[in-house]
Amino acid sequence: MKKTDILARFPPRMENLLLILNDLQNQSRMNCLSKKDLTRVAKYLNTTLSTIYGVASYYSMFSLTPRGRHIIRMCRSPVCHCAGVSDMFDELTRLLKIEVGATTPDRLFTLETAECLGQCDLAPAMMIDDVAYGNLTAASLATIIGRYRNKSASQGD
Ligand code: FES
């Protein structure tokens, strides 16, 4: 879908800003918002680039720098912390060979932290894109990451 088509799906009102930014980012191969995106949105909503930039940079769900195809958000809030999420961080950085905030060289994953994901009963928990994973163990992490890697490989990426 072209970016102009994304804009056209929403009436040009500020109340639609987050939805527009979200759809534009989802459409991005780099999983981020470019300056061109922000400029286009500012023009569409008849506001300033700095206003749009302020919103896009405020919310952690938006990125202004290129990221991997899949965003892993590991919960760092108290319940997950008590359930051993630190060990899961260690395991994940070992599996991906990157630190928090980084993107794998194949651009498949970006590893981020998050506040409570609303999955406390499944702590320790994480999300990959829109999918939640809980009761994480070293073994389940390896299985989950392997699944994404295999899917990517089968698609010839
Ligand atoms: S504290 Fe981790 S999901 Fe709620």
Side-chain angles (χ1 to χ4, degrees), residues 1 3 6-7 9-10 13-35 37-38 41 45 50-155 157:
M1 179 183 294
K3 294 189 174 180
I6 292 174
L7 293 178
R9 291 169 42 200
F10 300 95
R13 295 194 300 262
M14 282 301 284
E15 67 199 49
N16 293 320
L17 176 56
L18 295 181
L19 294 172
I20 291 171
L21 293 177
N22 189 58
D23 282 6
L24 284 172
Q25 181 170 273
N26 287 343
Q27 192 70 18
S28 161
R29 289 178 54 216
M30 297 292 198
N31 229 331
C32 68
L33 294 164
S34 66
K35 184 176 180 187
D37 291 333
L38 302 185
V41 173
L45 297 180
S50 65
T51 298
I52 304 301
Y53 177 83
V55 172
S57 60
Y58 176 79
Y59 289 98
S60 63
M61 63 189 176
F62 299 127
S63 178
L64 301 177
T65 56
R67 298 183 296 177
R69 179 188 303 168
H70 301 291
I71 310 300
I72 302 173
R73 294 185 179 90
M74 185 72 87
C75 178
R76 62 178 180 190
S77 289
V79 176
C80 284
H81 182 74
C82 292
V85 81
S86 296
D87 292 342
M88 296 304 102
F89 266 118
D90 292 345
E91 185 61 20
L92 207 44
T93 56
R94 190 190 67 76
L95 281 169
L96 300 176
K97 298 182 175 61
I98 58 171
E99 296 300 317
V100 173
T103 297
T104 55
D106 62 2
R107 306 207 68 80
L108 190 56
F109 298 106
T110 294
L111 178 58
E112 297 181 349
T113 62
E115 300 304 327
C116 180
L117 299 168
Q119 306 290 327
C120 308
D121 53 332
L122 300 175
M126 69 175 182
M127 291 190 77
I128 300 183
D129 305 326
D130 296 330
V131 181
Y133 296 93
N135 296 318
L136 296 172
T137 64
S140 70
L141 275 178
T143 301
I144 293 163
I145 296 301
R147 212 179 295 142
Y148 280 83
R149 285 177 168 155
N150 290 340
K151 185 176 176 192
S152 174
S154 70
Q155 291 172 342
D157 297 338

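Every number for a ligand or one of its atoms is a count from 1 in the order of the listing.
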Listed partners of R73 passing side chain to side chain contact (heavy atoms under 4.5 Å, CB included), at least two apart: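 Partners of R73 under the side chain to side chain contact (heavy atoms under 4.5 Å, CB included) test: R67, I71, E112, A114.
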Sequence-distant partners of S140, side chain to side chain contact (heavy atoms under 4.5 Å, CB included), two or more places apart: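 Applying side chain to side chain contact (heavy atoms under 4.5 Å, CB included) to S140 gives L136, T137.
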Side chain to side chain contact (heavy atoms under 4.5 Å, CB included) between M88 and M126: does it pass, once the steps are laid out? CA-CA 10 Å; M88 296 304 102; M126 69 175 182; over 6 Å; no
Inter- and intrachain pairs under ring pair (Phe, Tyr, Trp, His ring centres under 6.0 Å), touching residues 131-150, at least two apart: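 Every ring pair (Phe, Tyr, Trp, His ring centres under 6.0 Å) pair that includes a residue of residues 131-150, provided the two are not neighbours, is H70-Y148.
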Under 2.8 Å from atom 2 (Fe) of ligand 1, which protein N/O/S atoms are there?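 Near atom 2 (Fe) of ligand 1, the protein supplies C75 SG, C80 SG.
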Atom CG in D106, atom CZ in R69: separation rounded to 0.5 Å?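 Between atom CG of D106 and atom CZ of R69 there are 9.0 Å.
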May I have the step-by-step check of side-chain hydrogen bond (donor to acceptor under 3.5 Å, both in side chains) for S77 and E115, ending in yes or no? CA-CA 5 Å; S77 289; E115 300 304 327; 3.2 Å; yes
